[in-house]
Structures are given as structure tokens and as C-alpha cells.
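Notes follow the structure.
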Number of protein chains: 2
Amino acid sequence: MTESSSRRRTAAARNPGTAPEPPAVLPGKATINDIARLSGVSKKTVSRVINNSPLVHPETREKVLALMKQYGYTPDPQARGLAFRRSFLIGLIYDNPTAQYIVNMQYGALDALRDSGYELVVHPCDSSREDYIDGVRRFVQQQKLHGVILIPRVSEDEQLATALREIGVRYVRIASVPLDAPASMLVTNDRQAGTEAANYLESLGHRTLGLITGPRRYRSTIERGGGFLDGLGERGIELPADYIFEGGYTFDSGVAGAEYLLAKSPRPTAIFACNDEMAAGVYKAAMRRGLAIPGDLSVVGYDDSPVAAQLWPALTTIHSPTRDIGRQAAQILLADEAAPAPLAPRTVTPQLLVRDSSQRPHP
Amino acid sequence: MTESSSRRRTAAARNPGTAPEPPAVLPGKATINDIARLSGVSKKTVSRVINNSPLVHPETREKVLALMKQYGYTPDPQARGLAFRRSFLIGLIYDNPTAQYIVNMQYGALDALRDSGYELVVHPCDSSREDYIDGVRRFVQQQKLHGVILIPRVSEDEQLATALREIGVRYVRIASVPLDAPASMLVTNDRQAGTEAANYLESLGHRTLGLITGPRRYRSTIERGGGFLDGLGERGIELPADYIFEGGYTFDSGVAGAEYLLAKSPRPTAIFACNDEMAAGVYKAAMRRGLAIPGDLSVVGYDDSPVAAQLWPALTTIHSPTRDIGRQAAQILLADEAAPAPLAPRTVTPQLLVRDSSQRPHP
DNA sequence: CTGAAAGCGCTTACAG
DNA sequence: CTGAAAGCGCTTACAG
């Protein structure tokens with residue numbers, strides 16, 4: 001009864017022997033001391049219950065759990081954090097990908113964090129700046145994060161991964177190739193998805209195709225475009241180098257790529273753009289030339305961003321289950337550290353989503 | 001020297017008299033005790049420096065500040081939080097607005113939080129659920145948030161605001177009308193922007209116009225659409241009720257609204273859609289009918305979402321400085337509580353952004 | 001202007 | 001299986 005917090009308590013709570021505890025909530029929020037006193041055990045035992053220690057008698061556990069529930073007790077994350085020397089926060093680190101991608105990732109991560117006591121802290125950064133890794137390091141150390149999720153393109157940066165390893169924080173890298181130990185990777189099989197796009201267009205009958213890639217320095221570019229070329233190759237179609245345009249994942253670069261490709265002879269009957277923004281640019285270029293989509297030109301994008309459904313005709317594209325990926329990433333960070341590491345990285349394969357921008361070419 | 005942390009320190013650090021302190025970092029992170037010991041004051045004085053107390057001798061302050069800098073010391077937010085009984089986290093609470101809107105808001109808020117020691121925690125929720133306020137309450141109380149930012153539509157919910165007031169957490173509501181005390185409001189003058197759209201279309205010469213609104217239950221709908229009607233009225237144009245369609249802020253509702261309006265006689269020569277998604281739907285309906293934009297139909301949207309620039313022709317729309325709004329919202333939450341409350345709410349007026357989807361009507 | 005003591009709500013290390 | 005003591009890194013309340 002010398003615990004300071006007991007001063008705030010009601011008389012009933014102070015004299016556990018006199019009357020049954022009222023189900024009413026305590027004034028102010030209950031603490032571990034309150035639960036300990038009410039259940040007649042030490043706070044260390046309550047702590048064991050909180051932390052799922054096996055070293056608690058089942059009956060004791062039940063009693064403590066019941067009281068915690070009755071009083072709506074949840075441990076204070078700050079106090080736990082101080083004692084644990086780490087917080088109950090997960091960081092999401094990214095450098096300016098699509099808004100929808102970020103948001104879906106956040107929803108997914110939060111799906112996994114719900115009711116876990118963990119929360120999500122967002123940290124956008126500019127990976128083109130020399131000192132961005134310092135910024136991430138400060139963020140992680142200052143907040144003593146429990147773990148971080150890295151999404152492309154920061155996920156592709158080995159220097160960042162090295163810095164995080166030095167700090168000793170756990171992380172998950174979401175990328176299109178296994179860049180790290182399986183336990184800290186979540187692979188999106190962009191190559192396979194690119195192949196699927198190729199197979200689909202070939203099966204429609206297209207033989208003259210164009211490809212608009214992303215910037216060469218991104219792994220996703222290599223995988224998406226490479227998979228597309230693989231797929232065509234397997235089906236006996238060789239895409240000449242001058243039917244490949246390196247875009248910048250922007251709308252304008254999509255316009256430029258399409259202008260270039262549509263001026264070629266023979267003109268491609270189908271274009272695969274490695275993201276939807278560039279595919280929207282292809283629409284613009286095609287329409288300006290009076291080419292009908294999909295009548296004169298089939299277009300396939302990548303990402304299934306909001307614009308894909310809002311273009312007319314609606315864009316055939318590759319759908320990546322981003323929310324699900326976010327959920328898995330957070331789950332990996334929450335998983336028991338003692339669990340055995342997986343032998344192979346978890347892998348997700350995006351799927352082709354056929355809409356209205358693709359059909360057989362003119363005979 | 002009986003502070004436990006001193007055990008970890010180097011001999012040099014333990015004997016401040018013997019040699020000048022090395023600029024080298026301490027093993028592990030420096031704590032308030034280290035800084036206190038090194039500067040020869042009590043940790044309470046260091047605490048005063050941290051908290052900008054005026055009750056510190058300038059020389060003392062300088063010395064402490066210098067040591068803090070030399071050792072890269074930053075106070076532990078968890079420890080401060082535990083002692084302060086609140087955290088250094090700002091919550092962003094929202095219910096499924098546009099991805100770009102959320103992301104811009106996050107960027108803006110983080111602009112303001114940079115180097116402040118505060119971080120941003122995101123909390124999407126589903127305001128159509130009965131118990132969503134409980135979820136927010138738990139989030140705020142559990143994390144002992146320093147403040148929260150509410151964006152539409154949760155910002156329009158009086159019950160939520162009441163619950164937050166009861167908890168005693170500060171909040172900023174971003175909404176199109178002043179729903180609360182000026183100190184906790186950030187108003188986007190959607191009405192004025194709607195009027196601007198009307199003035200613009202009238203000045204181009206349009207006399208037969210159509211309006212596609214959002215759901216009636218949103219304040220933004222009332223303001224955007226109302227402002228548009230105001231603007232037309234001021235210029236002597238009365239929009240008949242059957243030239244107004246209540247949409248749902250979705251692409252499909254935009255299609256439906258345009259199908260309806262374009263079937264009318266006389267056919268409107270211009271349509272104002274209260275968000276860009278619905279405007280994209282107008283494009284689809286117009287194109288299906290073989291109507292050229294802007295030749296046969298001018299279209300104005302609202303939001304300046306990514307799709308606006310990616311449509312063809314590029315969409316004339318209303319641009320709201322969302323990132324700036326996010327920055328201001330966070331600044332309000334960080335501002336000194338002792339500062340005098342503003343007499344009028346801060347107000348931001350979105351601006352018309354003319355692109356290629358609007359021109360004079362056919363003669 | 002400065003400091004010693006007690007406390008915030010938890011956990012670790014040790015003992016039984 | 002359980003607990004008393006000390007500690008995590010700060011601040012409050014009090015005293016001078």
C-alpha cells in the first residue's frame with residue numbers, strides 16, 4: 001500500500017477485504033500496481049501475465065487476466081518501452097512512390113498491428129540526398145523503433161540496410177528480388193508478372209509490340225521489363241532493341257515513349273508500360289494521333305493505381321496486392337524472434353487484371 | 001557518480017578534472033545524467049535547458065547546450081513521455097479520403113514536425129461503424145497523444161470532437177466550414193472555390209451548365225456545390241434543379257451523373273463535378289457518346305488529384321494546397337498552449353487550375 | 001538561479 | 001511458480 005498510485009484510489013479499492021470490487025472503472029487509468037493489488041499478487045507477476053510468461057500458475061493468470069479486463073487495463077507503452085529500451089512503434093520508410101501504394105501499404109500494416117499494442121509511424125525521405133540515411137538512423141534510434149518496413153526504392157539501398165543492421169533494428173525489405181536474408185525479405189515477383197503480360201498479349205495475337213520501361217537503376221524496372229521480354233522470347237518473339245523505350249515512371253515519359261514507338265514502322269499493335277502513369281501517357285499520345293484504344297492499339301499498364309480504372313477505356317494492368325503485402329510485412333516484424341528463420345523468402349506474385357484497353361490486333 | 005549509467009562510461013568521462021573531454025561519442029547513447037555530470041550541474045538543470053526554462057543562467061545554459069551538441073544528446077522521448085504523462089506523437093485520423101490527399105497531408109504534417117522531436121502516427125478508421133469513436137479514444141489514450149489532426153470526413157463528426165474534448169487531447173479539425181473554436185479549426189474555403197469555378201465557366205460564355213455534387217451528408221458537398229450555384233446566381237444564371245445530380249464522389253457516380261445530364265435538352269455545354277473522380281467519369285460518358293472535350297463539353301473537377309493531369313485532355317480543376325494545410329495543422333498542435341487564441345479560424349482558399357478540358361462553348 | 005528526493009509505469013536481475 | 005529491490009531516463013513538487 002505504499003505505492004504512490006494507491007493514493008488516487010477509492011477506499012473500496014484500498015481495502016480489498018471489505019467488499020467485492022465494483023466493476024466501475026478506477027479514477028484515472030489503472031496501472032500495473034492496481035491490478036497487482038486487486039488480484040493479490042506482486043506486480044512482477046502481473047508483468048509476467050502481460051508478457052505471456054509460462055512461469056505463472058494458470059489460476060493466477062486467469063485471475064489477473066480477469067481483473068485486467070474488468071478494469072480495462074492496458075499496459076502503458078511508454079513505461080514498457082522505457083524498461084524494455086525499445087518502443088512499440090513500427091516505422092514505414094519510403095521515398096515517394098505512388099500515393100495509392102503508400103496508403104495501401106499503411107492499411108495493410110495497420111491490419112496486422114490492430115490490437116497488438118503497436119502503432120505505425122511514417123517516415124518519408126528523399127533517398128537522392130546524401131544524408132538521408134542519417135535521417136533514418138536518427139529516426140530509428142531516437143524512437144527506438146521495434147522494426148521498420150522498407151518499400152521500393154529505399155528497400156533496394158544496400159547502404160541503408162547495412163546502417164539498419166548496425167543499429168540492430170529489425171527490418172523487412174519489400175523488393176522484386178531477394179536482396180537480403182529470407183527472414184527480412186518480402187519479394188514481389190515482378191518478373192513473373194511481366195511475363196504474364198507478355199503471354200497475354202501474345203495469346204491475343206500481337207506480334208509487333210513496344211515496351212516502355214522505368215529507369216534502369218530500379219530493380220523493379222529490370223524485373224518487369226525483363227520478365228516481359230522473357231515471356232515474348234519463350235513464345236518466339238524477339239523484341240528489337242529500338243522497340244524498347246526507357247521511361248522515368250512518369251506520365252510525361254509515357255507520352256514521350258509512346259510518341260517514339262508509335263512513329264515506328266511497323267507500328268506496334270500493343271504497348272506494355274511498366275507503370276500505370278506511363279500507360280496514361282500512352283493514352284494521351286495515341287488519342288492525339290487519332291488511334292483508338294484498343295482498336296488500333298492495345299495498352300497494358302502495371303500497378304492498378306486509381307487512374308487505371310478511371311481512364312477510358314479502363315486500363316488492363318497488373319494488380320499487386322499491396323495491402324496484403326503490407327500486412328505480411330508487419331506480421332514478419334511482430335513475429336517471435338525465436339521462431340526459426342524461413343529458408344526461402346516469402347513471395348507474392350502480382351496478377352494480370354484484364355479490362356478494356358486490350359484486344360486482338362486488326363487482322 | 002552513483003548514477004547507474006556512469007558505470008558504463010569511460011574513465012575520461014568519469015574524471016572530468018583530469019583531461020579535456022574527448023569529442024568521441026560515449027559508448028551507448030548519452031543520457032541526461034551524462035550531460036549533467038560532464039557539465040557539472042544537476043540533471044534538473046539539464047532538464048531545464050531541455051525544456052527551455054528561463055530559470056537557467058545563460059552561461060550554464062550555453063555550457064550544457066554545448067555538451068549536448070558535442071555528445072549528440074537528444075532526450076529520450078519515452079522517458080520524457082512517462083514523466084510528462086503524454087507522448088511526443090501526433091495522430092492523423094481519417095476515414096478513407098483520396099490516397100493523394102492523405103499522403104500530401106502526411107508530408108505537410110511531417111514538414112512541420114521535422115526536428116521537433118515529434119513523430120506522426122497514422123490512424124485510418126471507418127466512421128460508418130458504430131464503435132469507431134471508441135477505437136479512436138483507445139488509440140489516443142493508450143498512446144497519450146500530444147494532439148490529433150482530423151481530416152474530412154471524420155473532422156465533421158461532432159461526436160468525435162466531443163469525445164476528444166472529454167479526453168482532453170488537443171485537436172485540429174480541417175473542414176470547409178468553421179465547426180469549432182477558431183483555435184482548433186483549419187478552414188478550406190470550398191465555397192469560394194466553387195464560386196470561382198462558376199465565374200470561370202460563365203466568363204467563357206457557358207449558359208447551360210450541369211452540376212454533379214457529392215453526397216448531401218458531407219459539408220464539402222454543400223460548400224462546393226453551393227458556392228458554384230452562388231457564383232452562377234450572382235451572374236444571373238439560374239441552374240434548374242434538374243441540372244443538378246447528386247453523386248457519391250465515385251467514378252461510377254460521375255458516369256451516371258454525366259449520362260443523366262448529357263441526355264437533357266438543352267444539353268449542358270459545361271459540367272462541374274465536385275471531385276476529380278467524378279470528372280473522370282464525365283469523360284467516360286462523354287467519350288462514349290462521341291462528345292469531344294472540350295469542343296462539345298467543358299469539364300471542371302475538384303481536388304487536383306493525380307488523375308486530373310493524367311486524363312486526356314488534362315482536367316481543369318480546383319487545386320487545394322493540401323500539403324500546406326497539413327503543415328499548418330501540425331504547427332497549430334505544436335504551438336505554445338499559452339499563446340492567445342486566434343479570433344478567427346485560419347482559412348485557406350483552393351485555387352482554380354485551368355488546363356485543357358475547358359473552353360468557350362460552340363457559338 | 002539551482003538541486004536532492006520522489007515518482008511516472010513498467011521490466012531486469014536476483015533470490016527463493 | 002512468485003516477489004522485493006533496483007533501474008530505465010526523464011520531470012514534478014518542494015526547498016533553498
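Naming: A, B, ... by sequence-line order, numbering from 1 per chain.
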So what does Tyr73(A) touch, heavy atoms closer than 4.0 Å: a base, only the sugar-phosphate, or nothing?
sugar-phosphate
Result for 5'-nearest mapping on DNA chain C, choosing between Thr74(A) and Arg48(B), is Arg48(B)
What about Arg85(B), does its side chain sit under 3.5 Å from the base of dT11(D) through a donor-acceptor pair? no
Taking for Ala79(A) and for Lys44(A) the nucleotide of DNA chain C with the nearest heavy atom, the one nearer the 5' end belongs to Ala79(A)
Note: contacts of residues 52-66 of chain A with DNA chain D (heavy atom, under 4.0 Å) are Pro54(A), Leu55(A), Val56(A), His57(A), Thr60(A)
On a heavy-atom basis, the closest approach of Pro77(B) and Gln78(A) is O-OE1, 3.9 Å
**Prompt:** Will you find, in the side chains of Asp95(B) and Ser127(B), an N or O donor that is under 3.5 Å from an N or O acceptor?
**Reply:** yes
CZ of Arg173(A) to CG of Asp157(A), rounded to nearest 0.5 Å, is 8.0 Å
Rounded to the nearest 0.5 Å, the NZ atom of Lys144(A) sits from the CG atom of Leu82(A) at a distance of 6.5 Å
Exercise for the section: Using the six-membered ring of Phe139(B), assess whether NZ or CZ of Arg137(B) lies under 6.0 Å from its centre and within 45 degrees of the ring axis. Expected result: no
| said: Using modelled atom types and a 3.5 Å cut-off, is there a donor and acceptor pairing between side-chain atoms of Asp131(B) and backbone atoms of Asp134(B)? | reply: no
Read 5' to 3' with Watson-Crick or G-U pairs under 3.5 Å, [ ] for crossing pairs and | for partners on another strand, DNA chain D gives |||.||||||||.|||
Sorted by chain and number, sequence neighbours left out, salt bridge (Lys or Arg N to Asp or Glu O under 4.0 Å) with Arg165(B) holds for Asp180(B)
Checklist entry - At under 4.0 Å, does any side-chain N or O of Thr45(B) touch on OP1 or OP2 of dG3(C)? => result yes
